[in-house]
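Since the structure comes first, as structure tokens, the remarks are kept for the end.
Quick note on labels: first sequence line is chain A, next is B, and so on, each numbered from 1.
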Protein chains: 2
Amino acid sequence: MAGSAAPKHDVFQAIADPTRRSLLKLLGEEELPVTAISSHYPMTRTAVSKHLRILAEAGLVSERRVGRETRYRLEPEPLQELKKWLAYYERFWNNKLAALKRFVEDDEPEAPADRTIVDTSMGKTDL
Amino acid sequence: MAGSAAPKHDVFQAIADPTRRSLLKLLGEEELPVTAISSHYPMTRTAVSKHLRILAEAGLVSERRVGRETRYRLEPEPLQELKKWLAYYERFWNNKLAALKRFVEDDEPEAPADRTIVDTSMGKTDL
DNA sequence: AGAACGTGAAACCAAATGGTTTCATAATAA
DNA sequence: TTATTATGAAACCATTTGGTTTCACGTTCT
């Protein structure tokens with residue numbers, strides 16, 4: 001099941017919207033159908049539904065059909081990608097070494113390398 | 001001297017774009033001027049410059065004028081907001097899906113898990 | 001069966017986004 | 001001084017995004 005998710009929207013994009021972050025929080029509490037969910041928001045039911053779809057495509061919520069309603073609930077796993085991404089940067093505030101490094105670099109007249117191709121992950125980070 | 005950060009763009013939005021995430025990574029390595037930065041990307045210098053501005057508005061990079069160039073570098077503090085946001089959801093995979101998750105991808109034996117969420121490594125969001 | 005409910009799809013729209021080209025300006029080099 | 005370099009600002013453009021209204025369809029309740 002590890003690779004069953006083929007995220008059309010990535011997590012970063014999914015959580016960029018405040019409404020969607022709010023939805024995640026709401027759906028972490030309990031599973032809810034669309035109409036109940038949308039009653040919490042100042043927008044139409046359809047708009048909420050579209051946000052839910054984007055979250056679903058990112059794998060952050062699951063849909064379950066129950067009778068005539070569709071119930072949504074939080075699916076936290078994809079957030080691990082975020083966590084992993086963040087972990088890379090923790091060294092910058094956990095280590096004061098980073099600050100030291102910058103200090104040293106500031107003393108240098110010229111930094112040599114702009115050849116370093118740090119960027120390897122411009123596209124998708126499909127896990 | 002905590003940054004006079006009045007984020008015009010929020011962090012969530014800033015990191016939503018893959019190019020901007022790549023920029024953060026690049027600028028974590030070293031401070032760089034715009035032209036050097038943009039040589040790594042398939043878009044115009046101006047486009048890169050705009051991305052940098054968005055990152056700067058989110059407080060994620062700082063600009064420093066040196067002669068005729070503007071050097072940018074990573075400013076990791078605002079990422080703590082992200083970390084804090086994420087921390088809320090950790091309980092969800094620490095509880096139910098923990099076993100499954102751990103099976104799929106063993107990350108770090110970090111948090112003691114099923115206790116509280118409180119991650120002591122970051123006391124403040126206030127910088 | 002017919003009415004009411006819960007939802008998704010479609011068509012549409014305004015604004016934001018990511019990109020471009022062109023131009024102006026400040027700093028350095030000749 | 002004049003030319004060149006590094007950059008930002010402005011105008012512009014196509015696509016995406018977040019929202020709406022309308023409509024069709026399956027499910028449940030009389």
Inset, instruction - For A:A36 and A:S39, work out which heavy atoms get closest and say how close. - result: O-OG, 2.7 Å
Inset, instruction - Find the distance A:L55:CG to D:dT17:P and express it as a whole number of Å. - result: 13 Å
Donor-acceptor pairs under 3.5 Å, side chain of residues 42-52 of chain B to any protein atom, not counting sequence neighbours: which ones?
{"unit_1": "B:T44", "atom_1": "OG1", "unit_2": "B:A47", "atom_2": "N", "d": "3.2"}
{"unit_1": "B:H51", "atom_1": "ND1", "unit_2": "B:R20", "atom_2": "NH1", "d": "3.1"}

Legend entry - Euclidean distance, atom CD of residue A:E57 to atom P of D:dG18 [Å, nearest integer]: 12 Å
Inset, instruction - Could you tell me the separation between the CZ atom of B:R71 and the CG atom of B:L27, rounded to the nearest 0.5 Å? - result: 13.0 Å
Inset, instruction - Could you grab the distance from atom CG of B:L74 to atom NZ of B:K25, nearest 0.5 Å is fine? - result: 12.5 Å
Legend entry - Reading 5' to 3' through nucleotides 11-26 of chain C, protein heavy-atom contacts under 4.0 Å coded B for base, S for sugar-phosphate only, - for none: ------SSBBB-----
Inset, instruction - Kindly point out which of C:dT7, C:dA9, D:dG8 is positioned nearest to the side chain of A:P33? - result: C:dT7
Inset, instruction - Check the pair B:R91 / A:E29 against salt bridge (Lys or Arg N to Asp or Glu O under 4.0 Å), numbers first and verdict last. - result: CA-CA 12 Å; B:R91 68 185 179 101; A:E29 302 302 324; 3.7 Å; yes
Legend entry - Separation of atom CZ in A:R71 from atom P in D:dT27, rounded to whole Å: 15 Å
Inset, instruction - Classify the nucleic acid contact of B:Y72 as base, sugar-phosphate or nothing, counting any heavy atom under 4.0 Å across all strands shown. - result: sugar-phosphate
Legend entry - Between D:dT17 (C1') and A:D10 (CG): distance, integer Å: 15 Å
Inset, instruction - Only pairs at least two apart or in different chains count here, so list each ring-ring contact (aromatic ring centres under 6.0 Å, His included) that has a residue in residues 57-86 of chain B. - result: B:F12-B:W85, B:W85-B:Y89
Inset, instruction - Can you figure out which of D:dT7, C:dG8, C:dT7 approaches the side chain of A:E63 most closely? - result: C:dG8
